[in-house]
Amino acid sequence: MSITSKQSRVTVRSLQAMKERGEKIVMLTAYDASFAAILEAAGVDVILVGDSLSNVIQGHDSTLPVTMEDVLYHTRAVARASRQSLLMADMPFMSYWSVEVALQNAARLLKEAGAQAVKLEWTQAQPDIVAALSREGIPVCAHLGLRPQAVHKTGGYQVQGRDKETATELLIQAQRVESAGADMLLLEAIPAPLAADITQRVRIPVIGIGAGVACDGQVLVLYDVLGISAGPAPRFAKNFLQQSGSVEAAVKSYVQAVKAGIFPAAEHTYQK
């Protein structure tokens, strides 16, 4: 159930209920207590402590330098101000390369930092890891499409699933994500028609970033919503601060646009 309708902690179960009702899910990144409080007041359902902190907080050109200690630190800060949103933390690069390592690090994020879910980038080697986390009661969001931690392998930040072969493979992997026990799926930078198809075919909530409006919910990096990221903004980003006048109003505008199904618009979407 959305925190805008009931002041209780959002869970993966309530997100599943939102998908079934057709109610859009709002996710946004935060990295400290002050912004976390603003996001909760605006009605954000899921706060993600993303490894994007590497770019927007630390000034790196990729997410790879972020460590477990970095994510633990920022998750603790967000958790101190979070009472209602589901708090999700990214598992950084090479923090889940085996089942044993993934269990240890995910447990730290929940036990030491206060997260209620973890997110990891999915590969064909991940089913055993996701299944193990699920068996231990750790909610998991799997990340498909453009995977920033694999930027050196894929040759850059490119839209995925544009041809029939790769689109079919993404659909297969999305179904494997669900079968492995993941509670949520995040799709980044894939054509909107493909994202719509995946969203209809899986029962778990699907969150999009550059994946079109048909997903069950949307996520953006907070700094893109506020128009303060260094360098050119990605196509799927929108500066909500420009027309809002304050940080609080910008976040509320983003929440309202996602809930109403008017963000992302065509100009923020890849069609093929």
Side-chain angles (χ1 to χ4, degrees), residues 1-6 10 14-30 35-36 38-48 50 52 56 84-86 88 141 143-146 159-162 174 184-202 204-229 232-272:
M1 183 174 292
S2 171
I3 63 175
T4 57
S5 59
K6 183 176 180 180
V10 175
S14 48
L15 295 175
Q16 181 66 49
M18 290 173 70
K19 177 184 175 88
E20 292 167 3
R21 293 196 303 270
E23 179 181 352
K24 294 292 188 181
I25 298 165
V26 182
M27 183 188 294
L28 199 56
T29 67
F35 276 123
I38 291 172
L39 268 57
E40 289 220 337
V44 171
D45 299 300
V46 184
I47 296 177
L48 170 65
S52 51
V56 300
Q84 298 155 8
S85 305
L86 175 73
M88 181 182 296
C141 177
H143 185 148
L144 271 176
L146 193 163
V159 179
Q160 304 296 305
R162 279 183 152 159
M184 298 176 66
L185 173 62
L186 188 147
L187 299 175
E188 180 169 0
I190 72 171
L194 173 59
D197 189 23
I198 291 172
T199 301
Q200 290 179 345
R201 287 173 180 257
V202 300
I204 58 176
V206 177
I207 307 299
I209 177 167
V213 73
C215 296
D216 299 308
Q218 301 293 327
V219 64
L220 282 180
V221 172
L222 174 62
Y223 286 41
D224 286 336
V225 168
L226 302 179
I228 57 175
S229 294
R235 174 172 179 163
F236 51 72
K238 179 179 178 180
N239 180 350
F240 284 84
L241 181 61
Q242 196 168 31
Q243 303 297 326
S244 301
S246 72
V247 170
E248 292 84 354
V251 176
K252 288 180 181 177
S253 180
Y254 166 71
V255 171
Q256 291 167 357
V258 173
K259 290 290 186 184
I262 59 175
F263 178 82
E267 62 266 29
H268 309 115
T269 300
Y270 307 101
Q271 292 300 324
K272 60 180 182 178

Checklist entry - Just wondering, do Leu146 and Val159 contact through their side chains at under 4.5 Å, heavy atoms? => result no

Checklist entry - When rounded to the nearest 0.5 angstrom, what distance separates CD in Gln84 from CG in Leu39? => result 12.0 Å

Item to check | Atom pair CD (Gln218) and CG (Leu187), whose distance is rounded to the nearest 0.5 Å | outcome: 10.0 Å

Checklist entry - Given the rule in the side chain to side chain contact (heavy atoms under 4.5 Å, CB included) test, do Val213 and Thr269 qualify, once you have shown the distances and angles that lead to the verdict? => result CA-CA 8 Å; Val213 73; Thr269 300; over 6 Å; no

Checklist entry - Hey, are the side chains of Ile209 and Met27 touching, using non-hydrogen atoms and a 4.5 Å cut-off? => result no

Item to check | Verdict with supporting geometry, Gln160 and Leu144, side chain to side chain contact (heavy atoms under 4.5 Å, CB included) | outcome: CA-CA 9 Å; Gln160 304 296 305; Leu144 271 176; over 6 Å; no

Checklist entry - Within a strict 4.5 Å, meaning less than it, do heavy atoms of the Gln16 and Met184 side chains meet? => result no

Checklist entry - Is there side-chain contact between Leu220 and Phe236, with heavy atoms separated by less than 4.5 Å? => result yes

Item to check | Nearest atoms (heavy-atom pairs only) where Gly212 meets Ala192 | outcome: CA-CB, 3.9 Å

Checklist entry - What pair of heavy atoms forms the shortest contact from His268 to Ala237, and how long is it? => result CD2-O, 3.4 Å

Item to check | Spacing of Ile204 atom CD1 and Cys141 atom SG [to the nearest 0.5 Å] | outcome: 8.0 Å

Checklist entry - Which heavy atom in Ala211 sits nearest to a heavy atom in Ala195, and how many Å separate them? => result O-CB, 2.9 Å

Next on the checklist: With a 4.5 Å cut-off on side-chain heavy atoms, are Thr199 and Lys19 touching?
Outcome noted: yes

Item to check | Donor-acceptor pair, side chain of Lys24 and main chain of Cys215, under 3.5 angstrom | outcome: yes

Checklist entry - When rounded to the nearest 0.5 angstrom, what distance separates CG in Leu241 from CD in Glu248? => result 10.0 Å

Checklist entry - Can you list the residues that meet the ring-ring contact (aromatic ring centres under 6.0 Å, His included) rule with Phe240, with sequence neighbours excluded? => result Tyr254, Phe263

Checklist entry - Is the backbone N or O of Pro264 less than 3.5 Å from a side-chain atom of Lys238, with the two atoms forming a donor-acceptor pair by type? => result no

Item to check | Full working for side chain to side chain contact (heavy atoms under 4.5 Å, CB included) between Ile207 and Val46 | outcome: CA-CA 11 Å; Ile207 307 299; Val46 184; over 6 Å; no

Checklist outcome for this item: All heavy atoms of Ala250 vs all of Leu226, minimum pair found to be CB-CD2, 4.0 Å

Next on the checklist: Nearest 0.5 angstrom please: Lys252 NZ to Ser246 OG, how far?
Outcome noted: 7.5 Å

Item to check | Glu40 CD to Leu28 CG distance, which is reported to the nearest 0.5 Å | outcome: 12.0 Å

Item to check | Minimum side-chain heavy-atom gap Phe35-Val251 below 4.5 Å | outcome: no

Next on the checklist: Are Asp45 and Met18 packed together at the side-chain level, in the sense that at least one heavy-atom pair is separated by less than 4.5 angstrom?
Outcome noted: yes

Next on the checklist: Ignoring hydrogens, what is the shortest heavy-atom contact between Ser229 and Asp224? Give both atom names and the distance.
Outcome noted: OG-OD1, 2.8 Å

Item to check | Glu188 (side chain) donor-acceptor with His143 (main chain) under 3.5 angstrom | outcome: no

Checklist entry - How far apart are the closest heavy atoms of Ile198 and Leu185, and which atoms are they? => result CG2-CD2, 3.8 Å

Item to check | Side-chain donor/acceptor of Thr29 to backbone N/O of Leu222, under 3.5 Å | outcome: yes

Checklist entry - Between Glu267 and Arg235, is there a salt bridge with N-O shorter than 4.0 Å? => result no

